[in-house]
K.L.:
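Dropping a structure here in structure tokens format, bear with me for questions.
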Amino acid sequence: MKCIWWLGTLCLALILTAAAQEQEGESAPRPALHAFTAIRAGTLIDGKSDTPRHDQIILIRGNRIDSISDAASTKIPAGANVIDLSHATVLPGLIDSHTHIFLQGEDPAEGGYDANILKYPLALRTARATVSARRALEQGFTTLRDLETEGAGYGDVGIKEAIEGGYIPGPRLFVVTLAISTTGGYPLEGYAPELTMPKGVQIIDGPVEARKAAREQLDHGADWIKVYMTHRSWVGKNGELVSQPTLTLEEIKAIVDETHGWGKKVACHAYNGIGLQRALDGGCDSIEHGLQMTDAQIAQMVKQGTWYCPTLSVYYLDWAPADTPAGQRDRLRASLHGPTFRKALQAGVKIVFGTDMGGIPWTEPIAQEFPRMVELGMSPMDAIKAATSRAADMLDVAGQIGVVAPGAFADIVAVPGDPLHDITQLGKVQFVMKDGKVFKQ
Ligand SMILES: [Zn+2]
């Protein structure tokens, strides 16, 4: 008995010593991580301020921004790694709030959307998703809100873990996993009714199933919940855009209630009409696409603080032939989107930058959305904020990302020219730092 007590004490002592050594190891200086990096910024657009600053020194320690000061009065610490961006415009890492890393365009020649689910092994889709993530980072997008895997299950959670673990390069990911719609509310569809086809989302019917799906997805790592509030769309009898509503108000309310209980938010795909109205009445946090919104709906968004992620570019791509019903629908959708964007902008709706990449092939430039926003009346500075501090605010990480400020993560990019005079400069990102590490220079 005594012997066992003695052994136990020895054991405990050994464990404590080991723990102390481990702690000591953790707090011991790691030169690469703790040394200062100093960026000389010719012009700094910090993501929050309306006025750019010139000739600034951004001091970075580890993975955080330590300080920002005038180059003339700053003494760079001895031994600091100096990065000269004195001829460039420096900005916070960009945020795309609507992507699909598991989609690779939906080229009909390659089998369209359905081939993703029916033909591609999950390992192939995952391998390609790692390439998508890398492409985003190369273009200066250091954060993505990735809005569902399109039949690739919880693959986004795995990719996020791989990036965070340092196994593959990629942006910070906010993931939604499977997404939710109703029976008749998502592909695969159009197959023989005798067949039970896999779906690109988790299908629910009724508030109980809706809440359960949200619980499952949150339990398995969803940072946000994504819901499809409209599905098919077509041109109505009077030439109007009609979109088929999916979830009932009771169903969406159950999902929003559950998700908010977890301290998380709900993104709602909604084109217009009753589906969009249910999204707003149900308390959705962000409206995705929002092709056509009435003045009353826009006012409701302002009142409720609903975010708007318009994804303009994708609706200008791959129109069906003009003389087909689908082609007429495609043209009508694009023609309504612009005026809605302008109205929302004027009313003060909180607009974030989002592209629907994945719906757009990942070989295309992500920054193509910026000139679309500016053409529709948004100032270049506002468009930059939509892809930096405003998006960070939506993601509940204000001050952490989307801003070049003391205490923020060192996610920093640079472009050669002045994006306030030429917004297409944002498509020419030549320097990318994420989490204090240079990824592209
Ligand atoms: Zn999408």
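Read the numbers this way: they start at 1 and go in the same order the structure lists the ligands and their atoms. Below, each value reflects all heavy atoms present in this structure, side chains not excepted, and no hydrogens, waters or symmetry copies.
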K.L.:
Is any NZ, NE, NH1 or NH2 atom of the basic residue among K264 and D396 found under 4.0 Å from an Asp or Glu carboxylate oxygen of the other?
P.N.:
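So K264 does not pair with D396 through a salt bridge.
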
K.L.:
Can you label the angle between the Y271 ring and the Y315 ring as parallel, tilted or perpendicular, going by 30° and 60°?
P.N.:
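Perpendicular: the ring planes of Y271 and Y315 meet at over 60°.
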
K.L.:
Quick one: OG on S86 to CG on D55, what's the gap to the nearest 0.5 Å?
P.N.:
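Separation between the atoms: 8.0 Å.
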
K.L.:
Anything under 30° is parallel, anything over 60° is perpendicular, the rest tilted; go ahead and classify H269 against H289.
P.N.:
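Perpendicular.
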
K.L.:
Just to be sure I understand the site: which N, O or S atoms from the protein are less than 2.8 Å away from the Zn ion (ligand 1)?
P.N.:
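Listed by chain and number: H98 NE2, H100 NE2, D356 OD1.
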
K.L.:
If you measure from CD on Q244 to CE on M229, what distance do you get to the nearest 0.5 Å?
P.N.:
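Going from the CD atom of Q244 to the CE atom of M229 covers 11.5 Å.
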
K.L.:
Going by the side-chain hydrogen bond (donor to acceptor under 3.5 Å, both in side chains) test, name the single residue among K212, E258, Q202 that passes it with Q217.
P.N.:
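Of the listed residues K212, E258, Q202, the side-chain hydrogen bond (donor to acceptor under 3.5 Å, both in side chains) partner of Q217 is Q202.
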
